[in-house]
*Asks:* 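Just dropping this structure here.
Both backbone and side-chain heavy atoms feed into the values below; hydrogens, waters and symmetry mates do not. Numbering of ligands and ligand atoms starts at 1, following listing order.
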Amino acid sequence: MCRQLAYLGPPVALRELLVTPPSGLYRQSWAPRLQQHGTVNVDGFGVGWYAEGDPVPARYRRPGPVWADEGFADLTRVVRSGAVLAAVRSATEGCAAGEQAAAPFAAGRWLFAHNGVLPGWPEQLGGLAALLPPAELLSLTARTDSALLWALVLHRLRGGAELGEALADTVREVVKHSEGRLNLLLTDGSSLAATAWGDDLHHRSDPGAVLVASEPGDDRPGWQRVPDRSLLLATADGGVTVLPLDRTH
Ligand code: GLN
């Protein structure tokens with residue numbers, strides 16, 4: 001499955017987050033250490049970040065492997081941010097290719113990514129699709145399971161849900177329809193939420209900063225594994241709360 005990462009904290013060069021760590025997201029695109037499903041993550045990549053004083057994030061996404069992209073090295077060297085969400089993609093069966101299918105997905109001030117799969121995509125997911133108003137279904141950003149999940153999360157966010165609530169409610173709804181793997185990651189630039197549901201999730205807190213990632217980018221002490229079926233909530237001051245997903249509401 002894909003690998004993904006989110007960071008909140010003091011502004012750092014994107015390179016320090018993504019490329020410099022010896023087993024960071026960049027290297028995870030061809031040599032992930034913990035990936036249980038799939039082998040490499042070469043079906044696109046993306047990074048979204050917030051600039052100081054602007055609530056709407058910027059994104060850079062491409063359809064191929066991150067190491068083959070000439071712009072990535074320059075971009076990650078000069079762009080600094082205190083709120084970042086990035087992903088490298090391994091497409092699952094039946095999902096569309098292309099830049100539009102690469103996370104992060106975005107709307108307004110939110111960035112979202114999904115690591116996992118909805119088995120039976122798309123034929124067996126009519127019940128799930130029917131939960132969305134037709135106009136939102138027609139607005140799917142890509143013909144993928146992740147884009148459908150993003151539409152379900154966004155529907156809740158637009159209805160006023162908090163980040164964690166939007167993810168937890170979506171997971172609980174989706175599992176009624178599909179035995180999916182649902183590691184979701186969402187930020188608004190000042191806090192973030194993530195679910196562990198079927199795949200790896202780790203986090204670390206350093207003074208005033210938090211990193212949440214599919215797998216640790218290095219072997220420093222301080223990384224913690226998030227138990228499966230959990231909801232993680234984090235803020236830029238490094239505070240992290242992990243709740244059992246079955247019992248949160
Ligand atoms: N199923 C999603 C996609 O194809 C996510 C893939 C993954 O986690 N490997 O984009």
*Asks:* Might you confirm whether atom CZ of Arg156 has over 12 heavy atoms from other residues, nucleotides or ligands at distances under 6.0 Å?
*Replies:* yes
*Asks:* For Tyr26 and Phe72, take the angle between the two ring planes, folded into 0 to 90°, and tell me which bin it lands in: parallel under 30, tilted 30 to 60, perpendicular over 60.
*Replies:* parallel
*Asks:* Out of Asp218, Asp219, Asp200, which one pairs with Arg33 under the salt bridge (Lys or Arg N to Asp or Glu O under 4.0 Å) rule?
*Replies:* Asp219
*Asks:* Can you list the atoms of ligand 1 that are under 4.0 Å from a heavy atom of Cys2?
*Replies:* 5 (C), 6 (C), 7 (C), 8 (O), 9 (N)
*Asks:* Is Ser146 touching ligand 1 with its side chain, its backbone, both, or neither, if touching means heavy atoms under 4.0 Å apart?
*Replies:* side chain
*Asks:* Is the closest heavy atom of Gly116 to ligand 1 under 4.0 Å?
*Replies:* yes
*Asks:* Is a salt bridge present between Arg62 and Glu99, judged by a nitrogen-to-oxygen distance below 4.0 Å?
*Replies:* yes
*Asks:* Regarding Arg181 and Asp145, does a basic nitrogen lie under 4.0 Å from an acidic carboxylate oxygen?
*Replies:* no
*Asks:* List every atom of ligand 1 that sits less than 4.0 Å from any heavy atom of Asn115, numbering the atoms from 1 in the order shown and giving each element.
*Replies:* 8 (O)
*Asks:* Would you mind running through ligand 1 and noting each atom that sits below 4.0 Å from a heavy atom of Ala91?
*Replies:* 4 (O)
*Asks:* Should the proximity of Thr144 to ligand 1, defined as any heavy atom under 4.0 Å, be assigned to the side chain, the backbone, both, or neither?
*Replies:* neither
*Asks:* Does Asp188 come within less than 4.0 Å of Arg109, counting only side-chain N to carboxylate O?
*Replies:* yes
*Asks:* Within a distance under 4.0 Å of any heavy atom of Cys95, pick out the atoms of ligand 1 and give their elements.
*Replies:* 4 (O)
